[in-house]
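Reading through the structure tokens given below for one structure.
Atoms within each ligand, like the ligands themselves, are counted from 1 in listed order.
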Amino acid sequence: MATKFRKIGVLTSGGDAPGMNNAVRAITRAALASGVEVIGINGGYSGLVNDNVRALTAQDVSNVVTLGGTMLYSDRCAEFKTEEGMARAIATCKKYEIDGIVACGGDGTFRGATDLSNRGIPTIGIPCTIDNDITSTEYAIGYDTAMNTVVEMVDRLRDTCESHARCNVVEVMGNNAGGIAIQTAIACGAVACVINEVPFDEAAMTEKIKRLKAAGKRGFIVIVSELIPDYADPAFAKRIQENTGVETKFARLAHVVRGGNPTLRDRVAGARMGSRAVAELLAGKSNLVICEQGNEIVTVDINLAQTADRLYKGKDGMEVLEKYSKEEQQEILAAGEKKRAYFKTMSALLDEISG
Ligand code: F6P
């Protein structure tokens with residue numbers, strides 16, 4: 001263990017995710033067990049900018065395993081991105097002698113983590129986002145709980161659709177990533193699903209609903225991922241009603257999907273990733289994201305993870321690969337390929353089994 005570590009800071013940033021508390025608990029307990037003090041940073045990066053921190057004891061993280069949200073609170077801190085905000089954040093780290101930080105959140109959180117690392121504060125990221133949209137990891141904390149909440153909500157809508165011979169379009173969160181939508185569409189027996197990753201054939205869906213209605217089907221569920229123009233919209237439900245003759249309602253689940261007690265999957269992911277992050281920091285590592293690949297917890301360089309992410313999301317072009325070695329380029333491209341293949345397969349599965 002690198003002896004320079006006396007204190008580590010922990011923060012949760014961006015959209016909260018069920019399981020964040022489990023990660024904070026694991027980080028705290030693992031660090032304390034190694035004789036390292038823990039500073040909880042309140043409200044994400046704004047806690048560093050505004051000197052809002054508190055020491056965490058083993059008792060402070062007692063009884064949080066079942067709790068949704070984040071006991072450290074969260075924020076999307078614009079000030080942290082300014083030179084002045086960053087200087088204040090570094091001053092807070094110095095004041096409390098924080099030797100390293102574990103930052104729990106999504107891609108925005110990791111950009112902040114890199115900025116801290118570049119200014120001499122070793123930082124490790126833990127993926128926590130219900131969107132599960134971090135390209136280098138197969139799993140992000142919060143995804144499972146969010147999907148189970150959607151399933152519970154849609155099952156209820158399904159009951160009433162069946163009673164009244166209706167269709168319900170259900171919009172779910174995901175921030176341009178269709179993971180929640182496609183998985184829950186399969187799990188809830190939806191007739192169709194609209195996601196960004198795979199082209200949607202509205203005419204084929206209309207024909208399918210008409211055919212199934214003629215064969216005696218009464219209730220229909222269509223899942224739509226948020227932010228998709230023309231579809232994540234009540235007007236889509238109106239079109240379905242006009243084109244199929246099936247009365248159609250629109251429901252936006254919105255932030256209800258982000259709350260609630262973490263599932264076993266998210267509790268265990270929080271524990272595994274939290275413990276690993278501390279081990280990496282104490283081994284003198286920095287600028288890493290803790291990832292899950294093939295059910296193994298692995299680490300990925302944070303810059304590489306962000307490049308893979310930006311490339312996959314179309315925010316950068318192929319020229320960003322130039323600074324990487326051949327092996328790294330392959331790793332970056334493979335991460336995106338894996339995501340693309342996953343959505344294609346899941347979408348084909350939904351088509352195959354939805355009537
Ligand atoms: O990233 C998590 C997420 O819940 C997205 O699914 C959604 O688009 C966004 O955050 C909503 O953000 P806010 O909480 O700021 O409304």
Side-chain angles (χ1 to χ4, degrees), residues 11-24 42-47 67-81 103-113 125-154 169-185 193-197 223-233 250-263 265-266 269-270 273 289 291 305-306 309-310 312-315 339 343:
L11 61 83
T12 55
S13 162
D16 60 354
M20 274 180 160
N21 287 328
N22 305 75
V24 171
N42 295 318
Y45 291 112
S46 71
L67 300 182
T70 162
M71 61 175 279
L72 292 178
Y73 313 127
S74 194
D75 195 7
R76 292 186 168 99
C77 179
E79 222 183 332
F80 181 69
K81 294 182 189 140
C104 306
D107 49 4
T109 305
F110 299 156
R111 274 194 299 282
I126 294 186
C128 297
T129 164
I130 62 160
D131 305 332
N132 197 31
D133 65 342
I134 297 165
T135 309
S136 55
T137 185
E138 286 166 14
Y139 193 76
I141 292 166
Y143 186 46
D144 188 61
T145 307
M147 289 191 297
N148 278 291
T149 303
V150 171
V151 167
E152 190 188 329
M153 299 295 130
V154 175
V169 174
V170 187
E171 181 199 298
V172 299
M173 275 190 167
N175 189 25
N176 293 312
I180 294 178
I182 193 70
Q183 289 255 129
T184 58
C193 177
V194 190
I195 55 175
N196 271 317
E197 289 85 347
I223 306 276
V224 181
S225 195
E226 66 173 355
L227 307 175
I228 303 184
D230 297 331
Y231 292 105
D233 194 306
F250 182 83
R252 177 170 287 146
L253 300 188
H255 293 79
V256 83
V257 170
R258 234 165 62 187
N261 313 123
T263 58
R265 176 80 166 97
D266 284 323
M273 289 184 172
V289 184
C291 293
Q306 281 176 290
D309 213 44
R310 293 184 62 80
Y312 172 73
K313 290 172 183 166
K315 293 179 181 167
K339 289 264 175 200
F343 282 108

One should read off an interatomic distance between I180 CD1 and T149 OG1, to the nearest 0.5 angstrom, of 9.5 Å

K313 vs D133, test: salt bridge (charged side-chain N to carboxylate O under 4.0 Å, His left out). Steps then yes/no. CA-CA 9 Å; K313 290 172 183 166; D133 65 342; 3.7 Å; yes

Tell me every residue that passes salt bridge (Lys or Arg N to Asp or Glu O under 4.0 Å) with R76, counting only those two or more places apart in sequence or in another chain. none

For the backbone of G178 and the side chain of E197, can you confirm whether one donor and one acceptor N or O come within less than 3.5 Å of each other? yes

Using the side-chain hydrogen bond (donor to acceptor under 3.5 Å, both in side chains) criterion, which residues pair with T135? Sequence neighbours excluded. D309

Could you go through ligand 1 and list every pair where one of its N or O atoms sits under 3.5 Å from a protein N or O, giving the atom names and the distance to one decimal?
unit_1   : atom_1 : unit_2 : atom_2 : d
ligand 1 : 1 (O)  : D131   : OD2    : 2.6
ligand 1 : 4 (O)  : R258   : NH1    : 2.8
ligand 1 : 6 (O)  : D131   : OD1    : 2.6
ligand 1 : 6 (O)  : G174   : N      : 3.2
ligand 1 : 6 (O)  : E226   : OE2    : 3.3
ligand 1 : 8 (O)  : E226   : OE2    : 2.5
ligand 1 : 10 (O) : R76    : NH2    : 3.4
ligand 1 : 10 (O) : R258   : NH1    : 3.1
ligand 1 : 12 (O) : R76    : NH1    : 3.4
ligand 1 : 14 (O) : H255   : NE2    : 3.2
ligand 1 : 14 (O) : R258   : NH1    : 2.7
ligand 1 : 14 (O) : R258   : NH2    : 3.0
ligand 1 : 15 (O) : R76    : NH1    : 2.5
ligand 1 : 16 (O) : H255   : NE2    : 2.9

Listed by chain and number, what are the side chain to side chain contact (heavy atoms under 4.5 Å, CB included) partners of N196, not counting sequence neighbours? N176, I228

